[in-house]
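In what follows, residues are counted from 1 in the order of the sequence shown.
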Amino acid sequence: GDERSEEALAASEIEFRWIKACPDLSGREVCVFAAYEPDGILPEFKKSYLAALKRAGFVIVLVVALDNLNVKLVTRGFDFVDAILARDNKGFDFAAWSLVLTLVPSAWKARLLILTNDSVFGPSRSFDSLIRKIRESDADMAGLTESFEHKQHLQSYFLVFKRKALASPAFQKYWSGMKALRSK
(Lines give C-alpha, C1' and ligand atoms only; values in the text may rest on other atoms or scores of the structure.)
Protein backbone atom coordinates (compact mmCIF):
# COMPACT_ATOMS: atom_id res chain seq x y z
CA GLY A 1 0.00 0.00 0.00
CA ASP A 2 0.87 3.64 -0.31
CA GLU A 3 2.39 4.82 2.95
CA ARG A 4 1.96 8.51 2.21
CA SER A 5 -0.81 10.30 4.06
CA GLU A 6 -3.65 11.84 2.07
CA GLU A 7 -2.41 15.27 3.18
CA ALA A 8 0.80 14.66 1.23
CA LEU A 9 -0.94 13.31 -1.88
CA ALA A 10 -0.77 15.76 -4.78
CA ALA A 11 -4.10 16.37 -6.50
CA SER A 12 -2.46 15.22 -9.73
CA GLU A 13 -1.83 11.79 -8.13
CA ILE A 14 -5.50 11.03 -7.49
CA GLU A 15 -6.64 7.92 -9.35
CA PHE A 16 -8.96 8.74 -12.26
CA ARG A 17 -10.38 7.48 -15.53
CA TRP A 18 -11.78 9.37 -18.48
CA ILE A 19 -15.32 8.32 -19.36
CA LYS A 20 -15.41 10.80 -22.24
CA ALA A 21 -12.14 12.38 -23.39
CA CYS A 22 -11.67 16.12 -23.10
CA PRO A 23 -11.45 18.25 -26.26
CA ASP A 24 -8.96 21.07 -26.74
CA LEU A 25 -10.08 23.97 -24.54
CA SER A 26 -7.88 26.68 -26.07
CA GLY A 27 -9.75 29.91 -26.75
CA ARG A 28 -13.05 28.50 -25.51
CA GLU A 29 -15.38 29.30 -22.64
CA VAL A 30 -15.14 26.34 -20.29
CA CYS A 31 -16.91 25.11 -17.18
CA VAL A 32 -15.27 22.47 -15.00
CA PHE A 33 -18.07 21.09 -12.82
CA ALA A 34 -17.16 19.03 -9.73
CA ALA A 35 -19.76 16.56 -8.45
CA TYR A 36 -19.87 13.81 -5.84
CA GLU A 37 -21.84 10.69 -6.70
CA PRO A 38 -21.16 7.77 -4.33
CA ASP A 39 -23.59 5.51 -6.23
CA GLY A 40 -22.55 6.71 -9.70
CA ILE A 41 -26.00 8.10 -10.57
CA LEU A 42 -26.20 11.76 -11.56
CA PRO A 43 -29.50 13.34 -10.43
CA GLU A 44 -31.72 15.47 -12.64
CA PHE A 45 -31.01 18.75 -10.82
CA LYS A 46 -27.34 18.47 -11.81
CA LYS A 47 -28.35 17.72 -15.39
CA SER A 48 -30.49 20.87 -15.38
CA TYR A 49 -27.61 23.02 -14.08
CA LEU A 50 -25.15 21.56 -16.59
CA ALA A 51 -27.64 21.97 -19.45
CA ALA A 52 -28.04 25.67 -18.58
CA LEU A 53 -24.27 26.12 -18.68
CA LYS A 54 -24.17 24.33 -22.05
CA ARG A 55 -26.98 26.54 -23.44
CA ALA A 56 -24.95 29.55 -22.30
CA GLY A 57 -22.17 28.37 -24.63
CA PHE A 58 -19.72 26.64 -22.30
CA VAL A 59 -17.68 23.53 -22.98
CA ILE A 60 -18.63 21.28 -20.07
CA VAL A 61 -16.02 19.16 -18.28
CA LEU A 62 -17.77 17.07 -15.63
CA VAL A 63 -15.55 15.67 -12.86
CA VAL A 64 -17.30 13.07 -10.73
CA ALA A 65 -15.83 11.93 -7.40
CA LEU A 66 -16.61 8.33 -6.56
CA ASP A 67 -15.92 6.45 -3.33
CA ASN A 68 -15.05 3.44 -5.49
CA LEU A 69 -13.68 3.93 -9.01
CA ASN A 70 -15.11 0.52 -9.98
CA VAL A 71 -18.66 1.90 -9.64
CA LYS A 72 -20.24 2.34 -13.07
CA LEU A 73 -21.01 6.00 -13.66
CA VAL A 74 -24.49 6.35 -15.17
CA THR A 75 -24.32 9.22 -17.67
CA ARG A 76 -27.49 8.55 -19.66
CA GLY A 77 -29.04 11.88 -20.63
CA PHE A 78 -25.76 13.76 -20.23
CA ASP A 79 -24.75 13.49 -23.89
CA PHE A 80 -24.33 17.27 -24.12
CA VAL A 81 -21.45 17.14 -21.61
CA ASP A 82 -18.20 17.48 -23.57
CA ALA A 83 -15.90 15.52 -21.22
CA ILE A 84 -16.41 13.29 -18.19
CA LEU A 85 -13.69 12.37 -15.71
CA ALA A 86 -14.32 9.93 -12.86
CA ARG A 87 -11.89 10.28 -9.95
CA ASP A 88 -11.26 8.81 -6.55
CA ASN A 89 -13.04 10.83 -3.86
CA LYS A 90 -10.04 12.59 -2.36
CA GLY A 91 -9.27 16.26 -1.93
CA PHE A 92 -12.65 17.93 -2.43
CA ASP A 93 -13.48 20.24 -5.35
CA PHE A 94 -10.14 22.04 -5.43
CA ALA A 95 -8.36 18.75 -6.05
CA ALA A 96 -10.88 17.92 -8.81
CA TRP A 97 -10.29 21.24 -10.54
CA SER A 98 -6.52 20.94 -10.10
CA LEU A 99 -6.57 17.45 -11.62
CA VAL A 100 -8.34 18.73 -14.76
CA LEU A 101 -5.94 21.67 -15.06
CA THR A 102 -3.03 19.23 -14.83
CA LEU A 103 -4.46 16.68 -17.27
CA VAL A 104 -5.75 19.24 -19.80
CA PRO A 105 -3.12 21.98 -20.22
CA SER A 106 -5.20 23.66 -22.93
CA ALA A 107 -7.48 24.82 -20.07
CA TRP A 108 -4.84 27.47 -19.27
CA LYS A 109 -5.55 28.90 -22.73
CA ALA A 110 -9.32 29.09 -22.30
CA ARG A 111 -10.97 32.44 -22.93
CA LEU A 112 -12.98 32.07 -19.73
CA LEU A 113 -12.97 29.30 -17.13
CA ILE A 114 -15.69 28.63 -14.59
CA LEU A 115 -14.93 26.31 -11.69
CA THR A 116 -18.17 25.25 -10.07
CA ASN A 117 -19.72 22.37 -8.17
CA ASP A 118 -22.95 20.64 -7.28
CA SER A 119 -23.43 22.30 -3.88
CA VAL A 120 -26.17 24.68 -5.06
CA PHE A 121 -29.44 24.30 -6.90
CA GLY A 122 -29.79 26.39 -9.99
CA PRO A 123 -29.72 28.20 -12.13
CA SER A 124 -32.19 30.95 -11.35
CA ARG A 125 -34.15 32.96 -13.86
CA SER A 126 -31.39 35.59 -13.85
CA PHE A 127 -28.74 33.10 -15.06
CA ASP A 128 -28.47 34.56 -18.58
CA SER A 129 -28.02 38.02 -17.08
CA LEU A 130 -25.36 36.72 -14.72
CA ILE A 131 -23.40 35.09 -17.54
CA ARG A 132 -23.66 38.28 -19.62
CA LYS A 133 -22.29 40.35 -16.70
CA ILE A 134 -19.41 37.92 -16.26
CA ARG A 135 -18.52 38.09 -19.95
CA GLU A 136 -18.73 41.90 -20.01
CA SER A 137 -16.73 42.39 -16.81
CA ASP A 138 -13.15 43.65 -17.01
CA ALA A 139 -12.28 41.63 -13.90
CA ASP A 140 -9.68 38.87 -14.29
CA MET A 141 -11.42 36.83 -11.58
CA ALA A 142 -14.92 36.80 -10.14
CA GLY A 143 -17.08 34.86 -7.73
CA LEU A 144 -20.76 34.98 -6.85
CA THR A 145 -20.55 35.17 -3.07
CA GLU A 146 -18.10 36.94 -0.80
CA SER A 147 -17.54 35.58 2.70
CA PHE A 148 -15.89 37.06 5.77
CA GLU A 149 -15.80 33.82 7.77
CA HIS A 150 -12.21 33.21 8.96
CA LYS A 151 -10.97 35.87 6.51
CA GLN A 152 -12.31 37.65 3.44
CA HIS A 153 -12.64 35.31 0.45
CA LEU A 154 -14.88 34.26 -2.42
CA GLN A 155 -17.05 31.18 -1.91
CA SER A 156 -15.72 28.39 -4.10
CA TYR A 157 -19.01 27.06 -5.52
CA PHE A 158 -18.73 29.34 -8.57
CA LEU A 159 -15.43 30.96 -9.51
CA VAL A 160 -14.61 32.60 -12.82
CA PHE A 161 -11.18 33.20 -14.32
CA LYS A 162 -10.37 35.04 -17.52
CA ARG A 163 -7.30 34.90 -19.77
CA LYS A 164 -5.05 37.19 -17.74
CA ALA A 165 -5.57 35.18 -14.55
CA LEU A 166 -5.21 31.85 -16.38
CA ALA A 167 -1.93 32.98 -17.96
CA SER A 168 -0.43 34.05 -14.62
CA PRO A 169 2.56 31.86 -13.61
CA ALA A 170 1.67 32.34 -9.92
CA PHE A 171 -1.91 31.23 -10.57
CA GLN A 172 -0.74 28.16 -12.50
CA LYS A 173 1.76 27.29 -9.76
CA TYR A 174 -1.01 27.52 -7.14
CA TRP A 175 -3.18 25.01 -9.00
CA SER A 176 -0.35 22.66 -9.99
CA GLY A 177 0.81 22.44 -6.37
CA MET A 178 -2.63 21.54 -4.99
CA LYS A 179 -2.77 18.85 -2.33
CA ALA A 180 -5.64 16.40 -1.83
CA LEU A 181 -6.53 17.38 1.71
CA ARG A 182 -8.59 15.19 4.05
CA SER A 183 -10.46 18.09 5.66
CA LYS A 184 -11.40 21.62 4.76
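For the atom pair F78 CZ and L62 CG, the distance stands at 7.0 Å (nearest 0.5 Å). Taking CG from N89 and CG from L69, the interatomic distance works out to 9.5 Å, rounded to the nearest 0.5 Å. The line from CG of L25 to CG of L112 is 12.0 Å long, rounded to the nearest 0.5 Å.
Contact annotation: the side chain of T75 never approaches that of V81 to less than 4.5 Å [non-hydrogen atoms, C-beta and beyond]. No side-chain heavy atom of V64 sits less than 4.5 Å from a side-chain heavy atom of I19. Between K133 and S129, the closest side-chain pair of non-hydrogen atoms falls below 4.5 Å. Contact check for L113 versus W108: no side-chain heavy atoms found under the 4.5 Å cut-off.
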Carefully, step by step, assess R17 and L66 under the rule side chain to side chain contact (heavy atoms under 4.5 Å, CB included). CA-CA 11 Å; R17 62 184 162 92; L66 300 167; 4.1 Å; yes
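Partners of A167 under the side-chain contact (heavy atoms from CB on, under 4.5 Å) rule, at least two apart in sequence or in another chain, do not exist in this structure. By the side-chain contact (heavy atoms from CB on, under 4.5 Å) test, A83 is found to be paired with W18, C22, P23, V61, residues two or more places apart in sequence or in another chain being considered. For F33, the ring pair (Phe, Tyr, Trp, His ring centres under 6.0 Å) partners are Y49, not counting sequence neighbours. Scanning for side chain to side chain donor-acceptor pair (under 3.5 Å) contacts around K54 gives D82, with sequence neighbours left out.
Pairing each heavy atom of A95 with each of R87, the nearest pair is CB-NH1, 4.4 Å. When all heavy atoms of F80 and L50 are compared, the pair lying nearest together is CE1-C, 3.6 Å. The shortest heavy-atom contact between A34 and W97 is CB-NE1, 3.7 Å.
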Without placing hydrogens or testing angles, list every side-chain donor-acceptor pair under 3.5 Å for residues 170-178, not counting sequence neighbours.
residue, atom, partner, partner atom, Å
Q172, NE2, L166, O, 2.8
S176, OG, Q172, O, 3.1
S176, OG, K173, O, 3.2

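For the pairing with S98, the side chain to side chain contact (heavy atoms under 4.5 Å, CB included) check across T102, L101, V100 returns one residue only, T102. Among the candidates V32, V63, L85, the single residue satisfying the side chain to side chain contact (heavy atoms under 4.5 Å, CB included) test with L99 is L85.
Applying the under-4.5 Å side-chain rule to Ile, Leu, Val, Met, Phe, Trp and Tyr, the cluster around V71 consists of that residue alone.
Every pair passing side chain to side chain donor-acceptor pair (under 3.5 Å) that includes a residue from residues 19-47 is listed here, sequence neighbours excluded: D24-S26, D24-S106, E29-R135, Y36-D67, E37-K46, K46-D118.
Looking only at distances, no side-chain donor or acceptor of K162 sits under 3.5 Å from a matching main-chain atom of A142.
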